[in-house]
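Single-structure report; data block below.
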Amino acid sequence: MQSQTFSGFALSGPILAAVQREGYTTPTDIQASAIPPLLEGRDLLGTAQTGTGKTAAFVLPLLDRLMKERADLPAGAADVRPDRGRSDRGRPGPARPRALILAPTRELAIQIDQSISGYGAGCGISHTVVFGGAPKPTQASKLRSRPQILTATPGRLMDFIGERLIDLSQVEILILDEADRMLDMGFIPTVRQIAAMADRRNQTVLFSATMPREIEGLAQELLKNPQRIAIAPKEMTVEKIRQSVLYMDKEHKGTMLPQLIRDRGMFRVIVFTRTKHRASRIATMLGKEKIPSDSIHGDRSQNQRQRALESFRRGRIQVLVATDVAARGIDVDDVTHVINFEIPNE
């Protein structure tokens with residue numbers, strides 16, 4: 001640990017106040033290791049498991065940098081860079097963010113943007129998020145506000161770039177979160193395209209839960225003399241979590257699942273499946289068994305996915321069924337049980 005409290009970092013007052021409002025005083029290991037070099041403007045390659053506090057580790061230094069750069073401007077000066085704001089014909093030009101955060105899933109992108117809202121309250125830093133599965137006109141309208149920070153999933157970002165609603169020529173900071181998940185989902189070629197468009201950046205950050213050879217190669221391409229941080233999980237198996245395996249024929253799983261939920265008193269359960277079709281089918285089956293359930297997967301609209309997550313958070317449904325691709329996009333407190341209906345692909 002490099003600092004016992006957040007006040008030990010050279011963060012701006014409004015950001016420290018926001019951290020305190022969120023109820024945090026002591027940084028996690030990844031935060032203590034990553035925040036100082038990021039505040040110095042260094043590139044960073046970080047390896048840490050999901051749920052270790054990576055989002056704050058990059059959001060806090062990002063907000064701090066943008067705040068301090070704005071404060072350094074002469075009184076009354078506008079933060080205007082070349083080609084920023086309007087097209088040659090006088091019409092509003094594309095959004096030209098200064099910072100771009102790439103995330104593999106819609107849920108993770110939304111959570112990152114929500115963290116920016118929370119930690120950036122009082123900072124005056126504009127931001128928005130774009131992702132697939134949601135109406136484009138609504139997101140396009142938010143892009144017209146010229147956000148300084150843009151969080152995006154790769155596919156929707158490329159859509160808006162193709163429609164000339166986003167221009168990455170002014171990106172100074174590029175952050176890739178959950179890079180190994182982007183590899184699993186086939187996004188790495190797109191990530192390379194995006195990075196090439198943001199060729200004026202002076203800081204690049206890459207976080208990944210694991211470091212396969214392809215991600216190591218990507219890091220070597222994109223990062224310059226990076227600070228390397230690897231936070232190993234203290235325990236691969238958390239002592240407070242009891243794990244078990246039930247062996248049975250495939251055709252018996254559907255009958256056993258509702259019985260297991262009732263017999264074990266499971267009241268806030270996540271069930272992971274391999275396929276979107278099976279996630280929907282299990283949620284429907286549990287509903288017929290009078291167990292309130294819903295599902296999230298790629299074939300559902302973003303509104304449906306958000307509604308299901310919110311219902312699960314608020315206890316309106318007992319079981320949330322999700323494909324394992326969505327695993328890193330679910331952030332819910334007080335989950336009592338997690339069931340892998342099949343052995344996960346990853």
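Throughout, numbering of the chain's residues begins at 1 and tracks the sequence.
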Applying salt bridge (Lys or Arg N to Asp or Glu O under 4.0 Å) to E107 and R313, what does each step give before you reach the verdict? CA-CA 14 Å; E107 284 75 23; R313 286 193 182 100; over 6 Å; no

**Report entry** Worked check of side-chain contact (heavy atoms from CB on, under 4.5 Å) between I194 and L102
**Finding:** CA-CA 10 Å; I194 292 168; L102 287 181; 4.0 Å; yes

Stepwise, does the side-chain contact (heavy atoms from CB on, under 4.5 Å) test hold for L246 with M248?
-> CA-CA 6 Å; L246 298 179; M248 68 190 69; 3.8 Å; yes

Verdict with supporting geometry, V271 and N340, side-chain contact (heavy atoms from CB on, under 4.5 Å): CA-CA 6 Å; V271 177; N340 286 310; over 6 Å; no

Give the intermediate values and the outcome of side-chain contact (heavy atoms from CB on, under 4.5 Å) for residues L108 and D177. CA-CA 9 Å; L108 183 56; D177 195 18; 3.9 Å; yes

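With R305 contributing its side chain and H297 its backbone, the two residues share a donor-acceptor pair below 3.5 Å. Between the E40 side chain and the I35 main chain, no donor and acceptor come within less than 3.5 Å of each other. Looking only at distances, a side-chain donor or acceptor of T273 sits under 3.5 Å from a matching main-chain atom of T275. Here the side chain of S311 pairs a donor or acceptor atom with the backbone of R307 at under 3.5 angstrom. A donor-acceptor pair under 3.5 Å is formed between the side chain of T284 and the backbone N or O of S280. Within the 3.5 Å criterion, the main-chain N or O of M211 finds no donor-acceptor partner in the side chain of S208. With hydrogens and angles disregarded, no donor-acceptor distance shorter than 3.5 Å links the side chain of Q203 to the backbone of D43. Formation of a donor-acceptor pair under 3.5 Å by the S33 side chain with backbone atoms of I30 is not found in this model. Judged by distance alone, with hydrogens and angles left aside, the side-chain atoms of R274 form a donor-acceptor pair with the main-chain N or O of I343 at under 3.5 Å.
With sequence neighbours left out, R164 forms a salt bridge (Lys or Arg N to Asp or Glu O under 4.0 Å) with no residue at all. Partners of E22 by salt bridge (Lys or Arg N to Asp or Glu O under 4.0 Å), not counting sequence neighbours: none found.
For the pair L63/I116, a side-chain contact is recorded, criterion being any heavy-atom separation below 4.5 Å from C-beta on. Taking 4.5 Å as the limit, some side-chain heavy atom of R268 sits within range of a side-chain heavy atom of D334. Side-chain contact between F312 and V335 is present, with at least one heavy-atom pair separated by less than 4.5 Å. Contact check for E178 versus F207: no side-chain heavy atoms found under the 4.5 Å cut-off. Using a 4.5 Å cut-off on side-chain heavy atoms (C-beta onward), L150 and I101 make no contact. Side-chain contact between Y24 and Q31: absent, with no pair of heavy atoms (C-beta onward) separated by less than 4.5 Å. With contacts defined as side-chain heavy-atom distances shorter than 4.5 Å, the pair R65/I173 qualifies. Side chains of I161 and L168 form a contact here, defined as non-hydrogen atoms less than 4.5 Å apart.
In this structure, T28 and G53 approach most closely via the heavy-atom pair OG1-CA, 4.2 Å. A pairwise comparison of heavy atoms in M67 and C123 identifies SD-SG, 3.3 Å as the closest pair. Nearest heavy-atom pair, D64 versus A10, reported as atom, atom and distance to 0.1 Å: OD1-O, 3.8 Å. The minimum heavy-atom distance linking G132 with T153 is given by the pair N-OG1, 3.6 Å. For the residue pair M285 and G254, the shortest heavy atom distance occurs at CE-O, 3.5 Å. When all heavy atoms of F272 and T323 are compared, the closest pair comes out as CD2-O, 3.8 Å.
Under the 4.0 Å criterion applied to side-chain N and carboxylate O atoms, E342 and K253 are not assigned as salt-bridge partners. Using a 4.0 Å cut-off between charged side-chain N and carboxylate O, K276 and D299 make a salt bridge. In this structure, R316 does not pair ionically with E310, as no charged nitrogen and carboxylate oxygen lie closer than 4.0 Å. Using a 4.0 Å cut-off between charged side-chain N and carboxylate O, R192 and E221 make a salt bridge. At a threshold of 4.0 Å, the pair E163-R156 does not count as salt-bridged, since none of the basic side-chain nitrogens sits closer than that to a carboxylate oxygen. R300 and D294 are joined by a salt bridge, as a carboxylate oxygen and a charged side-chain nitrogen come within less than 4.0 angstrom of each other.
Cluster membership for L260 and I270, using ILVMFWY side-chain heavy atoms within less than 4.5 angstrom, is not shared. Residue I261 is not grouped with residue V338 when hydrophobic side chains (ILVMFWY) are merged at heavy-atom distances under 4.5 angstrom, including chains of intermediate members. Linking ILVMFWY side-chain heavy atoms closer than 4.5 Å, directly or via other members, places V332 and I317 in a single hydrophobic cluster. Hydrophobic clustering keeps I296 apart from I282 (ILVMFWY residues linked when any side-chain heavy atoms are closer than 4.5 Å, directly or through intermediates). I339 and L320 are not part of a single hydrophobic cluster, where members link through side-chain heavy atoms under 4.5 Å apart.
Side chains of H127 and T151: no donor on one and acceptor on the other come within 3.5 Å. Residues T204 and R201 have side chains that bring a donor and an acceptor to within less than 3.5 angstrom of each other. Counting only N and O atoms by type, the side chains of D167 and S169 include a donor and acceptor under 3.5 Å apart.
Other residues, nucleotides and ligands place no more than 12 heavy atoms under 6.0 Å from the NZ atom of K142. Residue R262 places its CZ atom among more than 12 non-hydrogen atoms of other residues, nucleotides or ligands, all under 6.0 Å distant.
Going from atom CD of Q111 over to atom OG1 of T105 covers 7.5 Å, rounded to the nearest 0.5 Å. For the atom pair CG of L39 and CG of L11, the computed distance is 5.5 Å after rounding to the nearest 0.5 Å. Rounded to the nearest 0.5 Å, atoms CD (E214) and CG (L183) are 5.0 Å apart. Atom NZ of K54 sits about 9.0 Å away from atom CD1 of I112, to the nearest 0.5 Å. For the atom pair CD1 (I166) and CD (Q139), the distance works out to 9.0 Å, reported to the nearest 0.5 Å. Note: I15 CD1 to Q20 CD = 12.5 Å, rounded to the nearest 0.5 Å.
Summarising the hydrophobic clusters (Ile, Leu, Val, Met, Phe, Trp, Tyr; side-chain heavy atoms under 4.5 Å, direct or chained), the residues clustered with F131 are I110, V129.
For the side chain to side chain donor-acceptor pair (under 3.5 Å) with T210, the qualifying choice from D184, T47, D180 is D180, the only one to do so. Across T55, L60, L62, a single residue satisfies side chain to side chain contact (heavy atoms under 4.5 Å, CB included) together with F58, and that is T55.
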